[in-house]
Undergrad: 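First, the structure itself, so that you have it in front of you.
Just so you know, these numbers come straight off a predicted model, no measurement behind them. In what follows, chains carry the letters A, B, and so on, assigned in the order in which the sequence lines appear, proteins first and then strands, with residues in each chain numbered from 1.
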Amino acid sequence: MPELPEVETVRRGLTKSVVGQTITEIEIRYFKIIVGNVQEFRDRLLGATITDIGRRAKYLLFHFDNGWTMVSHLRMEGRYQLRAEKSEFDKHVHVIFSLSNGQYLAYRDVRKFGKMQLVPRGSELNLKSIAALGPEPLTPEYTSEALRAGLSERRKSIKATLLDQHVVSGLGNIYADEVLWQSRINPQEPANNLSATQLTTLYQAINTEIKRAIDAGGTTVHSYVNADGQKGTFQGQLQVYQHTGEACPRCGNSIAKIKVAGRGTHYCPVCQPLNS
DNA sequence: ATTGAATCCTGGTCGC
DNA sequence: TGCGACCAGGATTCAA
């Protein structure tokens with residue numbers, strides 16, 4: 001599942017490969033990927049040139065020279081592919097942009113959970129879903145005080161709270177498990193029950209982990225591949241995610257997998273104990 | 001206001 | 001070998 005580091009990696013790859021390109025044709029094979037009127041989506045992007053690509057948390061923001069911005073969320077398995085021939089796309093490709101350089105930029109999504117939406121440039125941050133996002137790691141808005149305040153009013157588990165994009169944005173199932181392990185916090189610990197030390201440790205771990213993952217080009221799990229077709233390497237640095245039954249790198253005990261808030265959760269029961 | 005459940009999807013896995 | 005049942009999982013919607 002692409003999280004902030006993976007989306008940032010995709011953003012950088014696409015910035016190199018498609019900025020400056022003009023959309024000459026659009027083929028939409030599965031309409032439900034598009035939020036809003038499909039015909040308007042198509043009409044507004046035909047002839048438009050990509051000027052730059054931004055990002056907010058896990059949302060990609062394709063800015064066009066005609067004043068429109070395409071907001072794209074990859075959800076579970078969405079990814080972009082750049083190919084020389086349309087025939088190279090399989091049945092999971094749902095939207096194909098023909099580019100002025102003759103290449104094709106496609107959106108592929110096996111589970112069809114991803115969404116694309118066109119909004120006037122500058123209004124994307126006002127979208128309900130984006131406006132409600134909490135501060136994201138590695139930005140001035142993400143402070144230890146913001147984290148403390150956000151967690152203090154949540155009684156549900158810290159794992160569920162980290163997945164909730166309203167407190168901190170950009171984390172998903174992989175990095176939530178990893179930062180909790182780094183911080184020696186039990187995933188089921190109520191968010192408002194963290195000690196001051198745990199809060200400080202968690203705050204730092206989130207920044208550090210996200211930065212390291214971005215530097216590594218993200219984590220490649222299952223279907224995730226960035227726009228260049230390259231794989232990120234951060235999976236080699238994961239300590240608990242998908243390491244069920246293996247030895248905890250810190251204490252040697254067995255990594256457990258449980259379900260928290262409906263999500264598979266990996267942790268070490270020995271060095272991530274519940275607070276008493 | 002917060003919280004939990006249901007929802008969307010398909011490939012993979014399991015049991016027979 | 002095949003087939004039905006079940007599951008994962010981010011964000012949204014709805015209900016409590």
Undergrad: Is Lys128(A) touching bases, backbone alone, or none of the nucleic acid, heavy atoms closer than 4.0 Å?
TA: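 Here Lys128(A) touches no strand at all.
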Undergrad: Look at the side chain of Arg75(A) and the base of dG9(C), then say whether one donor and one acceptor between them are separated by less than 3.5 Å.
TA: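 By the distance-only test, no, there is no pair.
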Undergrad: Classify the ring geometry of His73(A) against Tyr59(A): parallel below 30°, tilted from 30° to 60°, perpendicular beyond 60°.
TA: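 Geometry flag for Tyr59(A) against His73(A): perpendicular rings.
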Undergrad: Send over the distance from Leu162(A) CG to dG10(C) C1', rounded to a whole Å.
TA: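 Going from Leu162(A) (CG) to dG10(C) (C1'), I get 15 Å.
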Undergrad: Under 4.0 Å between a side-chain N/O of Gln165(A) and OP1 or OP2 of dA11(C), yes or no?
TA: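 So the side-chain polar atoms of Gln165(A) do come within 4.0 Å of the phosphate oxygens OP1 or OP2 of dA11(C), strictly under.
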Undergrad: Hey, does Lys32(A) reach any base, or is it just sugar-phosphate, or nothing, if we go heavy atoms under 4.0 Å?
TA: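 The answer is sugar-phosphate, as Lys32(A) gets under 4.0 Å only of primed atoms, P, OP1 or OP2.
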Undergrad: Looking at Glu77(A) and Lys112(A), is any side-chain nitrogen of the basic one under 4.0 Å from a carboxylate oxygen of the acidic one?
TA: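 Judged by the 4.0 Å cut-off on N to carboxylate O distance, Lys112(A) and Glu77(A) do not form a salt bridge.
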Undergrad: Would you say Lys156(A) reaches dG4(B)'s phosphate, i.e. side-chain N/O to OP1/OP2 under 4.0 Å?
TA: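 The answer is no; no side-chain N or O of Lys156(A) sits under 4.0 Å from OP1 or OP2.
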Undergrad: What is the distance, to the nearest angstrom, from the CG atom on Asp109(A) to the P atom on dC8(B)?
TA: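 For the pair Asp109(A) CG and dC8(B) P, the rounded distance is 16 Å.
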Undergrad: Would you please determine if the base of dA11(C) is stacked by Phe113(A), with stacking meaning a centroid separation under 5.5 angstrom and planes under 30 degrees?
TA: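 Here Phe113(A) fails the 5.5 Å or the 30° condition.
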Undergrad: Verify the ring-centre separation between Tyr203(A) and Tyr142(A): is it less than 6.0 angstrom?
TA: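 That pair passes the under 6.0 Å test.
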Undergrad: Counting heavy atoms from C-beta on, name the nucleotide in dG11(B), dT3(B), dG9(C) closest to the side chain of Met76(A).
TA: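 Within the option list, the nearest is dG9(C).
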Undergrad: For Gly262(A) and Tyr59(A), find the nucleotide of DNA chain C closest to each by heavy atoms; which residue's nucleotide sits nearer the 5' end?
TA: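 Looking at DNA chain C, the more 5' nearest nucleotide goes with Gly262(A).
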Undergrad: Hey, does the side chain of His92(A) come within less than 4.0 Å of dG11(B)'s phosphate (OP1/OP2), counting only N and O?
TA: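 Yes, within the criterion.
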Undergrad: Between Arg111(A) and Thr161(A), who's closer to the 5' end of DNA chain B by nearest nucleotide?
TA: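 Upstream on the strand: Thr161(A).
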Undergrad: Between Lys58(A) and dA11(C), does any side-chain N or O lie under 4.0 Å from OP1 or OP2?
TA: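 For dA11(C), OP1 or OP2 has a side-chain N or O of Lys58(A) closer than 4.0 Å.
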Undergrad: Assign Gly264(A) to base, sugar-phosphate, or nothing according to its heavy-atom contacts below 4.0 angstrom with the strands shown.
TA: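 Sugar-phosphate: the residue Gly264(A), judged by heavy atoms under 4.0 Å, touches backbone atoms but no base.
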Undergrad: Any base atoms under 4.0 Å from Asn173(A), or only sugar-phosphate, or nothing? Heavy atoms, all strands.
TA: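 Sugar-phosphate: the residue Asn173(A), judged by heavy atoms under 4.0 Å, touches backbone atoms but no base.
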Undergrad: Regarding Glu8(A) and Lys58(A), does a basic nitrogen lie under 4.0 Å from an acidic carboxylate oxygen?
TA: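 Lys58(A) and Glu8(A): not salt-bridged.
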Undergrad: Please give, in whole Å, the distance from dG12(B) P to Glu77(A) CD?
TA: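 In whole Å, dG12(B) P lies 10 Å from Glu77(A) CD.
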Undergrad: Nearest whole angstrom, please: distance from the C1' of dG12(B) to the CD of Gln242(A).
TA: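 So the CD-C1' distance, Gln242(A) to dG12(B), works out to 14 Å.
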Undergrad: Give the rounded distance in Å between these two atoms: CZ of Arg56(A) and C1' of dA11(C).
TA: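 Rounded to whole Å, this separation is 15 Å.
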Undergrad: Rounded to the nearest Å, what distance is computed from the CD1 atom of residue Ile258(A) to the P atom of nucleotide dG9(C)?
TA: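 Atom CD1 in Ile258(A) sits about 13 Å away from atom P in dG9(C).
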Undergrad: Separation of Leu74(A) atom CG from dC8(B) atom P, in whole Å?
TA: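 After rounding, the gap between these two atoms is 22 Å.
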Undergrad: Ring-plane angle category for Phe89(A) and Tyr104(A), please: parallel below 30°, perpendicular beyond 60°, tilted otherwise.
TA: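 Ring orientation of Phe89(A) relative to Tyr104(A): perpendicular.
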Undergrad: Between dG11(B) and Lys91(A), is there an OP1 or OP2 to side-chain N/O distance shorter than 4.0 Å?
TA: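 So the side-chain polar atoms of Lys91(A) do come within 4.0 Å of the phosphate oxygens OP1 or OP2 of dG11(B), strictly under.
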Undergrad: To the nearest Å, give me how far apart CZ (Arg154(A)) and P (dA1(B)) are.
TA: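 From Arg154(A) CZ to dA1(B) P: 11 Å.
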Undergrad: Quick one: do the Thr69(A) and His63(A) side chains pair a donor with an acceptor below 3.5 Å?
TA: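 The criterion, which ignores hydrogens and geometry beyond distance, is satisfied for His63(A) and Thr69(A).
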